[in-house]
Each structure stands twice: as structure tokens, then as C-alpha cells.
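These notes are about the structure you will find just below.
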Amino acid sequence: VSGCAILLWRREKNQLENLIDYNSIYPAEVDKPGIFYDLDKYPETLHALETNQSYHVKINDPEANMLEIELMEEQGILESLILPLTESNQTSGLLEIYDDIQLKEFTKQDIRLAKALAFQAAITIKNMQLYESAQSEIIKRKQTERALRESEEKLKELNDELENKIKIRTASLEDVNIALRVLLKKREEDKNQIGENIYANYKSLIQPFLNQLRNVHTKDTQKDILDILESSIKEMVTPFSKKMSDPIICLTPTEIQVARLVKDGNTNKEMVQILNKSIRAVSSHRANIRQKLGLKNKKINLRTYLLSLK
């Protein structure tokens, strides 16, 4: 024969790919690797692949497929023997043995030899495909490892960036906390200073006048009123005044007066004279005070409770 060709069966595309073409007479005229042939045009070849059967075609065969005859004429082939490449019941392509010099009859011995060559070629192709698959797997694994390393590096960069931002934010929050502590301390100092100023003003500006009024000849009722006035002013500059005026307790101004008189130990009759109110009104105010302070129906002395608010 003049030459032979090995073609791979690309099932997914239903094509044959020329792997190698060798011609001992016209080496320059062979098909180059990578040429594809659509099997839709060559049903006999497709049938041979699917049934794992070889066949012999001559250029002067009137029953041969016209497209295959045209391809043989185009390639200058007079006859060819087509043998599937099969290994472990898996067909991977075909071996084509052709002659472009003269027509001849292939003997049984020729066909046996050709099938042996096809079997060896099938094994070689299977090994080649396994090698290519292994190489492809190695390449994919290396690509995956490289991508994983890049991802880890990127993740480390993001983690470092996040940690840096957290450190900056933490430092900023610490600065804010320090500033807030300074402000709170200053506010407390200012609050204490204001309280000291108020009490100092009371001692220097108000108490002397109260003492002068007390030394003037006044009635007992007026002295009692002066005592109440002095006691009220003192309570305004003490925590008791704040507690008694707390909106949670919600005492009215009259109830605050009654509470202060009770705290100072005045009886209901004495409060009637001081406040110029009826005994019933004073008793009603005392009851309201006990209710608002949560003392209703409790065995707790009102004066004792008021004294505990200091």
C-alpha cells in the first residue's frame, strides 16, 4: 500500500479528526493533522465506527457512497481499507490503509495484519488519551492550587486591612471615651461648684436677713412662718429638695409644703394654723402624699420616711 492514516472519533461533534497521515510515495501530499471530516457525509464510515466492522472501498465501486468516492478522487486514492480502532470494546477512531498507485485485492492475511495494527494503534491512542487526561488534570490542579494561593493571599490582605481598620477605629473610640470621661468629670465638678455657690450665697445673702427678722418682735405665728421659710430655703439647696420635687413623685406645691411641715414634726392642728387650711384639707393632703410616695396601706410613718430621704 502507499500509506495509512489514523483518525480520532470526536463523538460529541460527530466528526473524525486527522491525527496522522503517512504516504510513502507522496509524503508532501498527505493531510495535515487537525483536519476534520463530518460523519454526516460519510454514513458507511459512521456505521463502521458504531458497529466495530471494517470495510473495503474502491474508487470504481458503483455502490459506494458518492461523497466518499469524491473525497478519494480529491486525495488521489484508488482504494482504502477502513478498520475501527477498538480496545476494551471502546472505539476511539479508525485506521485507513490506502493505495494510490494501483487497485489490488486485500487477502485474509493482509486484513489480519491490518487488524493487528489497528489494535496496537487503539492501545497507543488509549494510552495517549490517558496521558493527555492526566496532563490536563495536573494542569487543572495546578491552576486550582494557584487560584487557591491567590485567594488565600487576597483573604490575608483583606484580613490585615480589616484588622488595621479595627485598630484605628478602636483607637478612635478610646480617644472618644477619654474625652467623654473628661467631660463627665468636668460636668460633675461644675455641678458641685454650682451647689457650693448656691449654699454659700444662702449663708451670706439670705440667712443674715432671716436672722434679723427673727430678732424683731414678731408674733409666734410669724416666727413659725420664718422658721418654715428658712427650712424651705435650706431644703432647696439640699438633696432632699430635689427628691421631694422629683417629677416621678409628682407632689403639688401645697403637698410639698405639707410634707416639709410633717418632716419638721408639726401636727395636723399646727399645720392648720400655719397653712390657714381646714383639718380635712390637711388630712387629704397627707393621704395624697402617702399614695404618691407608695405608702398607702403600709405601716410606715410618713415623717420617718420623709426624714430618710435626706
Side-chain angles (χ1 to χ4, degrees), residues 1-140:
V1 294
S2 303
C4 67
I6 296 177
L7 299 98
L8 296 180
W9 185 12
R10 301 301 184 186
R11 296 172 183 265
E12 67 281 359
K13 297 181 180 180
N14 197 33
Q15 292 179 332
L16 282 174
E17 178 187 358
N18 184 51
L19 181 64
I20 185 172
D21 191 352
Y22 173 77
N23 192 309
S24 61
I25 307 299
Y26 305 107
E29 297 181 2
V30 298
D31 289 341
K32 295 181 179 180
I35 295 178
F36 288 87
Y37 301 96
D38 292 327
L39 289 172
D40 293 335
K41 298 180 180 179
Y42 311 107
E44 285 80 1
T45 303
L46 179 60
H47 179 73
L49 290 168
E50 292 175 341
T51 60
N52 190 25
Q53 294 181 357
S54 60
Y55 74 98
H56 180 211
V57 59
K58 296 182 178 181
I59 198 169
N60 58 0
D61 186 354
E63 296 181 359
N65 179 270
M66 291 302 300
L67 292 177
E68 292 198 17
I69 297 299
E70 290 177 3
L71 181 61
M72 293 174 66
E73 291 177 347
E74 179 183 338
Q75 296 176 340
I77 297 175
L78 297 178
E79 64 177 331
S80 63
L81 178 62
I82 308 298
L83 302 106
L85 302 178
T86 303
E87 193 274 330
S88 300
N89 295 324
Q90 294 291 326
T91 302
S92 57
L94 59 81
L95 171 66
E96 179 183 10
I97 298 176
Y98 60 85
D99 199 324
D100 51 13
I101 301 299
Q102 61 181 354
L103 291 171
K104 61 172 292 184
E105 290 293 335
F106 288 99
T107 65
K108 292 182 179 180
Q109 183 177 0
D110 292 336
I111 294 175
R112 283 198 299 270
L113 178 59
K115 287 183 177 181
L117 291 173
F119 179 71
Q120 293 298 323
I123 295 175
T124 301
I125 290 175
K126 182 65 176 295
N127 292 336
M128 179 194 70
Q129 290 174 336
L130 290 174
Y131 175 79
E132 289 179 348
S133 177
Q135 289 296 107
S136 177
E137 184 66 26
I138 291 173
I139 292 173
K140 289 180 180 179

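Fair warning: this is a prediction, and the values are worked out from it, not measured in the lab.
Of all heavy-atom pairs between Pro84 and Ala118, the closest is O-CB, 4.0 Å. Between Ile6 and Ala121, the shortest heavy-atom contact is CD1-CB, 4.2 Å. Among all heavy-atom pairs drawn from Cys4 and Asp21, the shortest one is O-OD1, 3.3 Å. Asp99 and Ile101 get closest at one heavy-atom pair: OD1-N, 2.7 Å. The shortest non-hydrogen separation linking Asn65 to Glu44 is CB-OE1, 3.2 Å. Residues Asp100 and Gly76 approach most closely at CB-O, 2.8 Å, considering heavy atoms.
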For this session: In sequence, state the C-alpha distance, the side-chain angles, and the governing distance for Thr124 and Asn127, and then conclude on side chain to side chain donor-acceptor pair (under 3.5 Å).
Result: CA-CA 5 Å; Thr124 301; Asn127 292 336; 5.8 Å; no
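If you take CD1 on Ile123 and NZ on Lys126, they are separated by 9.5 Å, rounding to the nearest 0.5 Å. Separating the CD1 atom in Ile77 from the CD1 atom in Ile97 is a distance of 12.0 Å, to the nearest 0.5 Å. Here Ile59 contributes atom CD1 and Glu73 contributes atom CD; the two are 4.5 Å apart, rounded to the nearest 0.5 Å. To the nearest 0.5 angstrom, Thr45 atom OG1 is 3.0 Å from Tyr55 atom OH. Put simply, CG on Leu7 and CD on Gln15 are 12.0 Å apart, with the number rounded to the nearest 0.5 Å. Met66 CE to Lys41 NZ: the interatomic distance, rounded to the nearest 0.5 Å, is 14.5 Å.
Residues Leu8 and Arg10 have side chains in contact (heavy-atom distance under 4.5 Å, counting atoms from C-beta outward). Contact annotation: the side chain of Leu16 never approaches that of Tyr42 to less than 4.5 Å [non-hydrogen atoms, C-beta and beyond]. Between Leu39 and Trp9, some side-chain heavy-atom pair lies under the 4.5 Å cut-off. Contact check for Tyr98 versus Met72: no side-chain heavy atoms found under the 4.5 Å cut-off.
Residues in residues 130-139 take part in no side chain to side chain donor-acceptor pair (under 3.5 Å) pair, two or more places apart or across chains.
Just one of Asn14, Asp38, Thr51 meets the side-chain contact (heavy atoms from CB on, under 4.5 Å) condition when paired with Leu46; it is Asn14. Checking Asn52, Leu94, Leu49 one by one against Thr86, the side-chain contact (heavy atoms from CB on, under 4.5 Å) holds for a single residue, Asn52.
Side-chain N or O atoms of Ser80 include none that pairs as donor or acceptor with a backbone N or O of Glu96 at under 3.5 Å.
For the pair Glu105 and Lys58, the salt-bridge criterion is met [side-chain N within less than 4.0 Å of a carboxylate O].
Heavy-atom contacts from other residues, nucleotides or ligands closer than 6.0 Å to CD of Glu63 number 12 or fewer.
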